Colleague: 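Below: one structure in structure tokens.
Small disclaimer: the values here were computed from a predicted structure and weren't measured. Along the sequence shown, residues carry numbers from 1.
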Amino acid sequence: MKEERKSSFIALIPFLAFIISYLSIGIILVNQGDSMGFYGFKAPIAVIIGIILAFILIKGSIDDKFSIFIKGCGDENIIIMCIIYILAGAFSTVSSNMGGVDSVVNLGLSIIPSSLITVGIFLIACFISISTGTSVGTIVALGQIAVGFANKTGISMPLIVGALVSGAMFGDNLSVISDTTIAATRTQGVQMKDKFRTNFVMVVPAMLLTVILLLIFGKAPGTIQAETYEYNIVKIVPYLFVLISAIAGMNVFIVLTLGTILSGIIGISFGSFSLLEFTNFAYDGFNGMFEIFLLSMLTGGLAALVAHGGGLNWLLDKIKSFIKGEKSAEVGIAAITALTDAATANNTVAIIIDGPIARNISEEFKVDPRRSASLLDCFGAIMQGFIPYGAQLLIAAKFTEGVLNPMDIMPFLWYQYLLAIFAIASIFIPFANGYINKHPWNFEEWKAADDK
């Protein structure tokens, strides 16, 4: 006998408590003078608040609710996502410690003329972020360099810092090892290479137009003293391997494992670390992903409880009342992702929260899941790279040592503005659907997999 479909606002309250507690405590900390206040209160604790409320508010025995919670935590997609997170963390940490990031940065600075330094910072940031999958790590790697160039040449500091943040968000959205890509593809049940190909058509025009604007408006009025930047091309190889093999369709577990081993071999060969230190760096990478690992697992359990109580059905009913077809469904997915990111100041959290909702909308209104994954990641990146209380702008402003605040940088986030324009336009003018149209999605098979 088929279980009766439940729809209840009360069951949604635990999810709202998670978001509201995370947002409100962040605002309080910022108002108390903590510029990084939105990251002072850890998201997994906010999820636990929601879980406790779910056990109190949702009907049923404690044993039944606990069983539902555990099944949600152990959902196949959640576990796959978590394993990919820790492998990505190992690759990133080992590669950084063997000198990979420094080599990428210095290679870029060596081949880009000083007169093109602003567009150079943007392009280097694009490459680092797409190679490492981290926007914050990219800003940390290049922040002092960008500010130093602004001081030496008279380039507008807000412009060059804005170019850096823009380049960092390029890879945060497009990288195959970014936690946002992992979350978007796993929640929608699609392969990373397919999401990359779908996303690429929206991202590249925005990137190219940003390059053109920076070439016109980002020229240095002064000269930069020639410096020698040391790099080793061999240390860039692991990043190229991961990028190319993932796009080519190699299994992501194999890609990240081989990439980590390759970085380890190079690091040991060049004396960057010993075999024992290599294993410790890999483990440090695992630890670095602990928060997002725990958040994903606990959110999966909370979502299962909320869904069981009818909370997600209630939310879906409200969203669907505004949806008339495929295009408005895509607008809905884009809007809830941007709004959730604005509320949580974390695009990975936003995608984890909204992923199941987007999948349900996609199933009902026949939005290709490769497209919904792309929209989740795009609009999460657009909002995350724009909000003044997000980690990206806060850290970038910090490198200026009080010269700039996040609001000063926001007008120069040209890539984010252009990406928003192209992403919104792609909903109404399907110029980004070439790959999708050539490879139609089997919705019946997808739905059957969900029902198992």
Side-chain angles (χ1 to χ4, degrees), residues 22 38-39 42-44 46-47 75 77-96 101 128-141 168-193 195-196 199 203 239 242-243 246 252-253 255-257 259-260 282 284-300 303 337 340-341 344-356 358 372-385 387 390-392 395:
Y22 186 64
F38 276 87
Y39 301 91
K42 301 302 180 184
V47 178
D75 179 83
N77 282 321
I78 296 291
I79 297 302
I80 289 172
M81 190 190 309
C82 289
I83 293 173
I84 295 173
Y85 283 146
I86 63 172
L87 289 176
F91 170 74
S92 179
T93 303
V94 171
S95 299
S96 177
V101 172
I128 294 174
S129 59
I130 200 172
S131 300
T132 62
T134 166
S135 54
V136 171
T138 299
I139 293 167
V140 169
M169 295 315 299
F170 171 85
D172 187 282
N173 167 232
L174 199 60
S175 174
V176 292
I177 61 170
S178 168
D179 48 7
T180 58
T181 295
I182 295 165
T185 53
R186 293 315 310 175
T187 57
Q188 303 309 293
V190 301
Q191 294 186 43
M192 291 186 183
K193 64 174 183 177
K195 180 261 179 188
F196 180 93
N199 232 22
V203 166
Y239 294 114
V242 167
L243 181 62
V252 66
F253 295 104
V255 169
L256 292 172
T257 301
T260 304
D284 288 344
F286 295 165
N287 278 337
M289 289 292 182
F290 175 73
E291 183 176 340
I292 192 63
F293 182 109
L294 185 61
L295 175 65
S296 298
M297 187 179 69
L298 293 176
T299 304
T337 306
T340 306
D341 182 80
T344 60
N346 189 308
N347 47 339
T348 306
V349 174
I351 292 169
I352 291 170
I353 291 171
D354 296 330
S372 61
S374 180
L375 290 171
L376 282 166
D377 210 352
C378 268
F379 283 91
I382 289 165
M383 185 60 74
Q384 182 63 28
I387 51 177
Q392 289 77 5
I395 292 171

Colleague: Where do T299 and L295 come nearest, in terms of heavy atoms and distance?
Modeller: OG1-O, 2.6 Å
Colleague: Looking at every heavy atom in both S129 and A168, which two are closest together, and how far apart are they?
Modeller: CB-O, 3.3 Å
Colleague: How long is the span from the CD atom in Q392 to the CD atom in Q384, to the nearest 0.5 Å?
Modeller: 4.5 Å
Colleague: Taking atom types as modelled, is there a side-chain donor on N347 or T180 under 3.5 Å from an acceptor on the other?
Modeller: no
Colleague: Could you walk me through whether N173 and S178 pass side-chain contact (heavy atoms from CB on, under 4.5 Å), step by step?
Modeller: CA-CA 7 Å; N173 167 232; S178 168; over 6 Å; no
Colleague: Under a 4.5 Å cut-off applied to non-hydrogen side-chain atoms, are I352 and T187 in contact?
Modeller: no
Colleague: Q188 and S372: which non-hydrogen atoms are nearest, and at how many Å?
Modeller: OE1-OG, 2.8 Å
Colleague: M192 versus I182: any side-chain heavy-atom pair under 4.5 Å?
Modeller: yes
Colleague: Verify whether one side chain among D354 and T340 offers a donor that lies under 3.5 Å from an acceptor in the other.
Modeller: yes
Colleague: Hey, what do you get for CG (L294) to CG (L298), rounding to the nearest 0.5 Å?
Modeller: 4.5 Å
Colleague: Return the OG to CG distance between S175 and N199, rounded to the nearest 0.5 Å.
Modeller: 11.5 Å
Colleague: For L376 versus G355, what's the shortest heavy-atom pair and its separation?
Modeller: CD1-CA, 4.2 Å
Colleague: Could you check D179, D341, T181 and say which one makes a side-chain hydrogen bond (donor to acceptor under 3.5 Å, both in side chains) with T348?
Modeller: D179
Colleague: Which residues pass the side-chain hydrogen bond (donor to acceptor under 3.5 Å, both in side chains) test with S95, sequence neighbours left out?
Modeller: S263
Colleague: Pick from T260, I86, V255: which one makes a side chain to side chain contact (heavy atoms under 4.5 Å, CB included) with F91?
Modeller: T260
Colleague: Would you please name every residue forming a salt bridge (charged side-chain N to carboxylate O under 4.0 Å, His left out) with D377, sequence neighbours left out?
Modeller: K195
Colleague: Determine the minimum heavy-atom distance between T337 and G380, stating which atoms define it.
Modeller: CG2-N, 3.6 Å
Colleague: Working to the nearest 0.5 Å, report the span between CG of L174 and CD1 of I130.
Modeller: 4.0 Å
Colleague: Any chance CZ of F253 has more than 12 other-residue heavy atoms, nucleotides or ligands included, within less than 6.0 Å?
Modeller: yes
Colleague: Locate the shortest heavy-atom distance separating A373 from V190; write the atom from each residue and the value.
Modeller: CB-CG2, 4.0 Å
